[in-house]
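What follows is one structure encoded as structure tokens, with my remarks underneath.
Atoms considered below: every heavy atom in the structure, side chains included; atoms not considered: hydrogens, waters and symmetry mates.
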Amino acid sequence: MVVEDDSIESEETQTSKDSLEMGVDQLKGVGSVTQKKLETFGVTSLIDLCIRGAQEIKEITGVDKIKCDAWVFQSQKILEDNDLIRKSDMNTTELWEYQKSYPVIGTKCDEVDNLIDGGVRPEATYEVYGEFGAGKTQFCNSLTVETIHDGNNVIWIDCEDTFKPNRIAEMLKAREYAEDDEEISGYLNQITYLYCPNTEQLMGTINGLSKILDEKKPTLVILDGSIGQFREEYLGRGTLAARQMQIARLMSHIKNISFYFRCAVVFTNQVQSDPSMMFGDPIKPIGGNVVAHASTYRLYFKKSGKKRLARMIDSPEHAMADAEYILDAKGMSNVE
């Protein structure tokens with residue numbers, strides 16, 4: 001279920017965005033050489049500049065950090081002045097009204113939707129972790145089906161080769177949203193699929209995602225299995241620092257993507273068992289504090305016999321609570 005509201009991005013706002021000069025060359029001090037360096041790394045617009053941040057721009061261009069800070073600040077100001085992003089000087093009441101108008105994407109599983117206050121929202125990142133078979137991908141599938149049924153676009157970045165169009169087709173039929181292959185194809189065309197078999201391709205895809213985001217204007221971005229790739233490729237204690245630095249950069253980028261493109265970003269995460277724990281659940285998500293602090297909401301999915309359990313682990317607004325669900329042809333469904 002998606003509740004639309006024109007206050008997030010009206011037609012006037014979109015017209016303003018289409019007509020606004022977004023090139024980085026308008027910034028003072030960005031010459032042709034610097035512009036070419038930025039373009040080489042996929043930085044072609046003011047939004048790209050803000051998503052990457054001053055430190056990364058400094059690394060790309062070799063320009064002094066103070067000047068890079070100024071470029072990011074100027075870019076942010078231009079975007080705010082043209083109502084392309086949320087204003088940073090909103091008062092509390094304005095922010096309250098703005099956040100109440102967020103469109104909501106639900107799963108149609110009542111308990112799970114109630115756990116996350118109706119569904120996922122833009123300008124936020126949702127980490128979903130749990131062991132295999134707990135329903136992480138089915139949660140993403142359910143959100144995807146509801147999003148495309150409501151006429152909106154989805155970007156799905158697949159890092160584990162687990163995305164199956166046939167599963168989406170099955171869910172569309174089970175939810176009585178489509179009956180034949182022609183209808184299903186129309187819905188599937190609203191999903192932009194990107195396969196990233198390794199971390200290099202993943203980071204390259206994330207770095208160049210702005211063009212696709214600007215073209216498709218998705219309300220939902222899925223990263224399925226992204227963090228696990230770093231664990232598989234960076235082996236041994238000697239690679240820990242490099243691994244965490246790359247994960248931190250990924251988290252920074254997807255958090256900024258959710259804000260600057262006003263979409264919900266959901267990413268799944270693998271788990272590990274902590275053998276030192278004597279009591280309680282030894283299952284922990286991988287990625288450490290870097291991932292934990294970058295996630296707006298953290299959900300833990302676990303098996304419970306034939307049923308499954310979703311637990312709100314961390315949220316700026318929700319209490320820790322549990323929700324039961326089952327996995328079936330519809331994806332996630334209520335427990336009868």
Side-chain angles (χ1 to χ4, degrees), residues 8-9 13 17 20 22-24 27 38-39 41-61 65 68-90 95 98-99 102 120-127 153-157 159 192 194 196 199 202-223 226-227 230 244-267 269 287 289-298 316:
I8 288 293
E9 185 162 342
T13 298
K17 186 174 182 178
L20 178 67
M22 298 290 287
V24 296
L27 301 174
L38 291 169
E39 287 176 353
F41 286 85
V43 181
T44 59
S45 70
L46 302 179
I47 290 181
D48 288 328
L49 206 69
C50 292
I51 288 175
R52 299 300 186 87
Q55 180 59 38
E56 190 171 348
I57 297 301
K58 173 181 177 294
E59 293 171 11
I60 291 171
T61 62
K65 176 69 162 53
C68 293
D69 288 336
W71 288 342
V72 172
F73 179 80
Q74 289 171 36
S75 301
Q76 178 93 11
K77 191 73 169 62
I78 292 170
L79 295 173
E80 285 187 20
D81 289 346
N82 287 274
D83 294 322
L84 299 182
I85 59 172
R86 188 180 79 206
K87 294 187 182 299
S88 56
D89 59 352
M90 276 185 176
L95 181 60
Y98 176 83
Q99 292 180 341
Y102 279 159
V120 300
R121 289 167 166 75
E123 300 185 7
T125 57
Y126 293 78
E127 178 194 3
N153 292 329
V154 176
I155 292 178
W156 189 299
I157 301 171
C159 301
T192 299
L194 301 166
C196 299
T199 57
L202 170 62
M203 294 306 296
T205 297
I206 294 296
N207 289 342
L209 198 59
S210 293
K211 287 184 179 179
I212 300 174
L213 289 163
D214 195 46
E215 177 189 349
K216 299 293 184 179
K217 299 173 178 59
T219 56
L220 178 66
V221 176
I222 303 286
L223 282 86
S226 55
I227 310 301
F230 292 94
Q244 292 305 101
M245 185 171 66
Q246 284 289 80
I247 292 176
R249 182 151 287 176
L250 172 66
M251 291 293 101
S252 174
H253 286 188
I254 65 174
K255 190 173 182 178
N256 286 339
I257 282 170
S258 72
F259 177 78
Y260 287 101
F261 286 96
R262 290 169 164 168
C263 59
V265 176
V266 178
F267 67 95
N269 195 2
N289 291 330
V290 169
V291 175
H293 291 305
S295 308
T296 316
Y297 304 92
R298 307 189 87 192

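- Residues V72 and A54 share a closest heavy-atom pair of CG2-N, 3.7 Å.
- Side-chain N or O atoms of N153 include one that pairs as donor or acceptor with a backbone N or O of K216 at under 3.5 Å.
- Looking at I257, I206, I254 one by one, the single match for side-chain contact (heavy atoms from CB on, under 4.5 Å) with I51 turns out to be I257.
- For the pair I57 and W71, the minimum side-chain heavy-atom distance is below 4.5 Å.
- Under the side-chain contact (heavy atoms from CB on, under 4.5 Å) criterion, S252 pairs with N256, sequence neighbours left out.
- Taken from OG1 in T219 to CZ in F261, the straight-line distance is 14.0 Å, to the nearest 0.5 Å.
- Rounding to the nearest 0.5 Å places CD1 of I247 at 11.5 Å from CG of N289.
- Checked against side-chain contact (heavy atoms from CB on, under 4.5 Å), K58 has the following partners two or more places apart in sequence or in another chain: Q55, K65, C68.
- Closest of all the heavy-atom pairs between I47 and Y260 is CG2-CB, 3.9 Å.
- Partners of K87 by side-chain contact (heavy atoms from CB on, under 4.5 Å), not counting sequence neighbours, listed by chain and number: E80, D83, D89, M90.
- Without hydrogens or angle criteria, Q246 side chain to F230 main chain gives no donor-acceptor distance under 3.5 Å.
- Annotation for L46 and G23: closest pair CD2-O, 3.8 Å, computed over non-hydrogen atoms.
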Practice prompt. Begin from the C-alpha positions of I222 and I157 and carry the test side chain to side chain contact (heavy atoms under 4.5 Å, CB included) through to its verdict.
Written response: CA-CA 6 Å; I222 303 286; I157 301 171; over 6 Å; no
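- With M22 as reference, L79 is the one residue of N82, L79, I78 to meet the side-chain contact (heavy atoms from CB on, under 4.5 Å) rule.
- Note that CG of L209 is 7.0 Å distant from CG of L194, once rounded to the nearest 0.5 Å.
- Residues that satisfy the side-chain hydrogen bond (donor to acceptor under 3.5 Å, both in side chains) test with D48, not counting sequence neighbours, are T44, S45, S210.
- A donor-acceptor pair is defined here as one N or O able to donate and one able to accept, closer than 3.5 Å; such a pair exists between the side chain of T125 and the backbone of T296.
- The backbone N or O of D214 lies less than 3.5 Å from a partner atom in the side chain of K217, making a donor-acceptor pair.
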Worksheet item: Taking it one step at a time, do I227 and F267 satisfy side chain to side chain contact (heavy atoms under 4.5 Å, CB included)?
Response: CA-CA 9 Å; I227 310 301; F267 67 95; 4.3 Å; yes
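- Listed by chain and number, the residues in a side-chain hydrogen bond (donor to acceptor under 3.5 Å, both in side chains) with S226 amount to none (sequence neighbours excluded).
- Smallest separation of non-hydrogen atoms from A264 and R121: CB-O, 3.2 Å.
- Here SG of C50 is found 10.5 Å from CD of Q74. Values are rounded to the nearest 0.5 Å.
- For L220 against C263, the heavy-atom pair with the smallest separation is N-CB, 4.4 Å.
- Among residues two or more places apart in sequence or in another chain, the side-chain hydrogen bond (donor to acceptor under 3.5 Å, both in side chains) test is passed with E56 by R52, H253.
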Worksheet item: Would V221 and L223 satisfy side chain to side chain contact (heavy atoms under 4.5 Å, CB included), going step by step from the backbone distance to the final call?
Response: CA-CA 7 Å; V221 176; L223 282 86; 4.0 Å; yes
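- In this structure, the ring pair (Phe, Tyr, Trp, His ring centres under 6.0 Å) partners of Y126, at least two apart in sequence or on a different chain, are Y297.
- Across K255 and A294, no two heavy atoms sit closer than the pair CD-O, 3.8 Å.
- Residues that satisfy the side-chain hydrogen bond (donor to acceptor under 3.5 Å, both in side chains) test with T192, not counting sequence neighbours, are absent from this structure.
- For F259, the side-chain contact (heavy atoms from CB on, under 4.5 Å) partners are Q76, I85, R86, E123, not counting sequence neighbours.
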